[in-house]
**Student:** 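Here's a structure for you.
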Amino acid sequence: AQSVTQLGSHVSVSEGALVLLRCNYSSSVPPYLFWYVQYPNQGLQLLLKYTSAATLVKGINGFEAEFKKSETSFHLTKPSAHMSDAAEYFCAVSGGGSYIPTFGRGTSLIVHP
Amino acid sequence: DVKVTQSSRYLVKRTGEKVFLECVQDMDHENMFWYRQDPGLGLRLIYFSYDVKMKEKGDIPEGYSVSREKKERFSLILESASTNQTSMYLCASSLSGQQKNIQYFGAGTRLSVL
């Protein structure tokens, strides 16, 4: 079985500040990990994915995430927040013979001017 | 670009009505999924399909059924809508069977059951 925990249902940052969204996973096999973003009134779109190549993964819009096996974490970061980054962010994990991802409960990123 | 189209963005229905939510994808994906999204609960899988006429229950199938008569179309059916089915419904598709495959989502249908 696999699971995902996203720490913090809401994260608030000022424009220009560092963004850090936390994701911890549980998986009995090497995982595939994803971050998706959902802008208001839209569906989810892929931000980035880890598939056992480089542990530091770069995504769209300046986001990146680092896979840390020892910590079972896949935190999402961006050096400088922009107002347009305000959205809901979902971490997801798949693996162990299942191609259906398990999603976290989501973290809402709020960016203040 | 993959396009997943959900036929309605907003729907308002009455308790007891039969409701159809339609989803079409244009990239010949084998897998299609229906999720519901509720605040604080994230995405929960209702049903998925890995081939035409094939369907599998997800985590919360009660009160729902699905139909996949053509590869590109996956319908979610609420046989008798209830107020606790008021939610955002998301359709997704992906290529066959690989664990690292990306899911592509539609824009969602926000259903209100009165």
**Student:** Rounded to the nearest 0.5 Å, what separates atom CZ in Arg105(A) from atom CG in Leu41(B)?
**Tutor:**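 Output value for this atom pair is 5.5 Å.
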
**Student:** Against chain A, label Tyr89(B) side chain, backbone, both or neither, depending on which of its atoms sit under 4.5 Å from a heavy atom there.
**Tutor:**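 Nothing of Tyr89(B), per the 4.5 Å heavy-atom cut-off to chain A.
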
**Student:** Which residues, numbered in order, of residues 61-71 of chain B come under 4.5 angstrom of chain A by heavy-atom distance?
**Tutor:**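 Within residues 61-71 of chain B, near chain A: nothing under 4.5 Å.
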
**Student:** Do the side chains of Asn41(A) and Tyr10(B) get nearer than 4.5 Å, heavy atoms only?
**Tutor:** yes

**Student:** Hey, could you give me the CZ/CD1 distance between Phe48(B) and Ile100(A), rounded to the nearest 0.5 Å?
**Tutor:**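 Those atoms lie 3.5 Å apart.
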
**Student:** Under 4.5 Å between side-chain heavy atoms, hopping through other hydrophobics if needed: is there a path connecting Val19(A) to Val11(A)?
**Tutor:**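 Same hydrophobic cluster.
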
**Student:** A quick test of your reading: do over 12 heavy atoms of other residues, nucleotides or ligands sit less than 6.0 Å from CZ of Arg9(B)?
**Tutor:**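 Above 12, so yes.
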
**Student:** Looking only at atom types and distance, does a side-chain atom of Tyr99(A) sit under 3.5 Å from a main-chain N or O of Ser94(B), one as donor and one as acceptor?
**Tutor:**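 No; judged by distance alone, with no hydrogens or angles, the pair does not exist.
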
**Student:** Any link between Leu111(B) and Phe105(B) through a network of hydrophobic side chains (Ile, Leu, Val, Met, Phe, Trp, Tyr) touching at under 4.5 Å?
**Tutor:** no

**Student:** Spell out the residues in residues 106-113 of chain A that have some non-hydrogen atom less than 4.5 Å away from a non-hydrogen atom of chain B, in order of number; otherwise answer 'none'.
**Tutor:** none

**Student:** Output the distance between atom CG (Leu45(B)) and atom OG1 (Thr102(A)), rounded to the nearest 0.5 Å.
**Tutor:** 9.0 Å

**Student:** Check whether Leu90(B) gets within reach of chain A through its side chain, its backbone, both or neither, counting any heavy atom under 4.5 Å.
**Tutor:**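 For Leu90(B), side-chain heavy atoms alone lie under 4.5 Å from chain A.
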
**Student:** Look up atom CD in Gln45(A) and atom OH in Tyr104(B), then write down how far apart they are to the nearest 0.5 Å.
**Tutor:** 11.5 Å

**Student:** Are Leu56(A) and Tyr32(A) joined in one hydrophobic group, where the rule is that I, L, V, M, F, W and Y side chains link up if heavy atoms are under 4.5 Å apart?
**Tutor:** no

**Student:** Quick one: are Leu44(A) and Leu43(B) in side-chain contact, heavy atoms under 4.5 Å?
**Tutor:** yes

**Student:** Do any pairs count as a disulfide bond (SG atoms under 2.5 Å apart) and have a residue in residues 49-80 of chain B, sequence neighbours left out, and if so which ones?
**Tutor:**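 Non-adjacent pairs meeting disulfide bond (SG atoms under 2.5 Å apart): zero.
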
**Student:** Residues two or more places apart in sequence or in another chain: which of them pass salt bridge (charged side-chain N to carboxylate O under 4.0 Å, His left out) with Asp38(B)?
**Tutor:** Arg36(B), Arg44(B)

**Student:** Are Gln103(B) and Tyr36(A) packed together at the side-chain level, in the sense that at least one heavy-atom pair is separated by less than 4.5 angstrom?
**Tutor:**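 They are in contact (side-chain heavy atoms under 4.5 Å apart), so the answer is yes.
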
**Student:** Could you tell me if the side chain of Phe90(A) sits less than 4.5 Å from the side chain of Gln37(B), heavy atoms only?
**Tutor:**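 Of all side-chain heavy-atom pairs linking Phe90(A) with Gln37(B), at least one is under 4.5 Å.
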
**Student:** Out of curiosity, does Tyr47(B) fall in the hydrophobic cluster containing Tyr50(B) (side-chain heavy atoms, cut-off under 4.5 Å, transitive links)?
**Tutor:** no

**Student:** Between Phe74(A) and Val93(A), is there shared hydrophobic-cluster membership here, with clusters defined by ILVMFWY side-chain heavy atoms closer than 4.5 Å?
**Tutor:**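 In one cluster with Phe74(A): Val93(A), yes.
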
**Student:** Using a cut-off of under 4.5 Å on heavy-atom pairs, state which of Gly104(A), Pro101(A), Ala92(A) scores highest against chain B.
**Tutor:** Pro101(A)

**Student:** For Gln38(A), is it the side chain, the backbone, both, or neither that has a heavy atom closer than 4.5 Å to a heavy atom of chain B?
**Tutor:** side chain

